[in-house]
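Written out below as structure tokens is the structure these notes cover.
Quick note: residue numbers are just sequence positions, from 1. No hydrogens, no waters, no symmetry mates; every other heavy atom, side chains included, goes into these values. None of these values were measured; they are calculated from a predicted model.
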Amino acid sequence: MSVTKVTLISGSTMGSAEYVAEHMAEILEELGYETDIQHGPELDDLPLEGLWLVVSSTHGAGDLPENIQPLAEAIQTQSPDLSKIKYGAVGIGSSEYDTFCGAIHTLDTLLQDHGAKRIGDCFEIDVQQHEIPEDPAGEWVKIWANEL
């Protein structure tokens with residue numbers, strides 16, 4: 001049996017999405033998955049098939065963090081075929097804002113528009129309710145892994 005690899009992609013301004021991605025990678029590895037963590041990768045750095053787990057905080061008024069903007073722009077301009085990708089989506093934000101978790105919804109739409117298939121619901125972590133976003137993310141990723 002081959003080990004399934006999950007590519008974790010984080011978009012982060014202050015580091016919270018990076019911590020969440022790293023925490024989820026540890027849990028996935030405990031569950032027997034191989035992981036590759038990419039913080040703000042270029043499109044060329046990513047496999048165009050397999051499993052992605054996208055984690056992004058929201059910056060400003062629902063904007064993408066700077067480190068993941070080049071990836072989103074490359075997907076928009078190069079229009080790669082992402083139909084061989086299945087992915088999970090985790091957003092971190094504050095419900096104080098109207099654009100709560102806006103970045104992950106932007107990325108989710110972008111991935112689906114280019115053929116990727118989301119597994120499960122888009123998971124939103126509200127920092128107003130969870131001071132340590134790794135905790136709910138850790139519980140969610142166990143459930144997500146069962147859907148793979």
Side-chain angles (χ1 to χ4, degrees), residues 1-93 99-127 130 132-148:
M1 184 181 124
S2 64
V3 175
T4 302
K5 182 175 182 178
V6 179
T7 302
L8 291 99
I9 301 164
S10 74
S12 191
T13 303
M14 307 297 265
S16 61
E18 292 176 8
Y19 299 136
V20 167
E22 289 165 6
H23 181 65
M24 289 193 299
E26 288 172 15
I27 291 170
L28 287 167
E29 287 168 12
E30 289 169 9
L31 294 172
Y33 294 88
E34 182 184 332
T35 62
D36 176 29
I37 302 175
Q38 300 269 345
H39 299 306
E42 299 288 328
L43 182 58
D44 295 343
D45 298 333
L46 298 170
L48 295 184
E49 60 184 25
L51 287 168
W52 288 6
L53 183 48
V54 183
V55 184
S56 183
S57 58
T58 297
H59 181 70
D63 301 323
L64 296 175
E66 275 185 33
N67 75 334
I68 206 161
Q69 287 175 4
L71 173 62
E73 288 166 13
I75 291 172
Q76 283 178 321
T77 58
Q78 297 173 28
S79 276
D81 176 9
L82 303 181
S83 63
K84 293 180 181 170
I85 292 172
K86 291 183 178 174
Y87 70 97
V90 178
I92 303 167
T99 54
F100 174 60
C101 288
I104 198 64
H105 294 293
T106 298
L107 293 167
D108 182 43
T109 300
L110 186 61
L111 292 172
Q112 288 187 39
D113 286 350
H114 289 84
K117 312 271 184 300
R118 188 179 69 228
I119 297 170
D121 292 329
C122 196
F123 184 60
E124 299 175 344
I125 300 171
D126 183 356
V127 295
H130 300 282
I132 302 170
E134 292 90 329
D135 293 344
E139 294 306 310
W140 177 86
V141 78
K142 293 173 192 170
I143 296 164
W144 183 75
N146 280 335
E147 296 181 33
L148 300 178

- Task: Apply side chain to side chain contact (heavy atoms under 4.5 Å, CB included) to H105 and C122, showing your working.
- Result: CA-CA 8 Å; H105 294 293; C122 196; 4.0 Å; yes

- Message: Holding to side-chain contact (heavy atoms from CB on, under 4.5 Å), I want the full list of residues that pass it with I119, two or more places apart in sequence or in another chain.
- Response: L51, K86, W144, E147, L148

- Message: Could you measure the distance from the NE2 atom of H39 to the CG atom of L8? Nearest 0.5 Å is fine.
- Response: 9.0 Å

- With distance as the sole test, does D63 use its side chain to make a donor-acceptor pair with the main-chain N or O of G60 at under 3.5 Å? no

- Message: Any heavy-atom pair between the side chains of L107 and L64 that's under 4.5 Å?
- Response: yes

- For S16, all residues meeting side chain to side chain donor-acceptor pair (under 3.5 Å), sequence neighbours excluded: none

- Task: Please report the closest heavy-atom contact between T58 and G102, naming both atoms and the distance.
- Result: OG1-N, 3.2 Å

- Taking S57 for its side chain and A17 for its backbone only, find out whether a donor-acceptor pair lies under 3.5 Å. no

- Distance col, row Y87:OH vs D108:CG, nearest 0.5 angstrom, shows 3.5 Å

- Please examine the side chains of W52 and L46, heavy atoms only from C-beta on, and report whether any two atoms are closer than 4.5 Å. yes

- Sidechain-backbone polar pair: D81 side chain, S83 backbone, donor-acceptor under 3.5 Å: yes

- What's the shortest heavy-atom distance between G138 and V141, and which atoms? O-CG1, 3.4 Å

- Message: Please evaluate residues Q38 and T7 with respect to the criterion side chain to side chain contact (heavy atoms under 4.5 Å, CB included), reporting the C-alpha separation (whole Å), side-chain torsions for both, the decisive distance (0.1 Å), and the verdict.
- Response: CA-CA 7 Å; Q38 300 269 345; T7 302; 4.1 Å; yes

- Query: How many angstroms lie between atom CD of E124 and atom NE2 of H130, to the nearest 0.5 angstrom?
  - Reply: 11.0 Å

- Hey, what do you get for CD (E18) to OG1 (T13), rounding to the nearest 0.5 Å? 9.5 Å

- Would you say T35's side chain and V6's backbone share a donor-acceptor pair under 3.5 angstrom? no

- Item | Q112 side, atom CD; R118 side, atom CZ - distance, nearest 0.5 Å | 5.0 Å

- Message: Using a 3.5 Å distance criterion without hydrogens, assess whether the side chain of Y33 forms a donor-acceptor pair with backbone atoms of I27.
- Response: no

- Query: Side-chain donor-acceptor pair under 3.5 Å between H114 and Q76, yes or no?
  - Reply: no

- Task: Taking side chain to side chain donor-acceptor pair (under 3.5 Å) as the test, write out the residues that go with H23, two or more places apart.
- Result: none

- T99 to G62 - nearest heavy-atom pair and separation: OG1-N, 3.0 Å

- Message: If I take atom CG from residue L110 and atom CG from residue L71, how far apart are they, to the nearest 0.5 angstrom?
- Response: 8.0 Å

- Query: Does H59 reach the main-chain N or O of E66 with its side chain, forming a donor-acceptor pair under 3.5 Å?
  - Reply: no

- Looking only at non-hydrogen atoms, find the nearest pair between I125 and P133 and report the distance. CD1-O, 3.6 Å

- Item | Derivation and outcome, side chain to side chain contact (heavy atoms under 4.5 Å, CB included), residues L48 and K84 | CA-CA 7 Å; L48 295 184; K84 293 180 181 170; over 6 Å; no

- Message: Could you tell me if the side chain of L111 sits less than 4.5 Å from the side chain of I85, heavy atoms only?
- Response: no

- Message: Tell me the closest heavy-atom pair linking S10 and A21, and the distance in Å.
- Response: CB-CB, 4.1 Å

- If we ignore angles and hydrogens, is there a donor and acceptor under 3.5 Å between the side chains of N67 and Q69? no

- How far apart are the closest heavy atoms of I104 and V54, and which atoms are they? CD1-O, 3.7 Å

- Going through the distances and angles, do I9 and L53 end up as a side chain to side chain contact (heavy atoms under 4.5 Å, CB included)? CA-CA 6 Å; I9 301 164; L53 183 48; over 6 Å; no

- Could you tell me whether the side chain of Y19 reaches within less than 4.5 Å of the side chain of S12, counting heavy atoms only? no

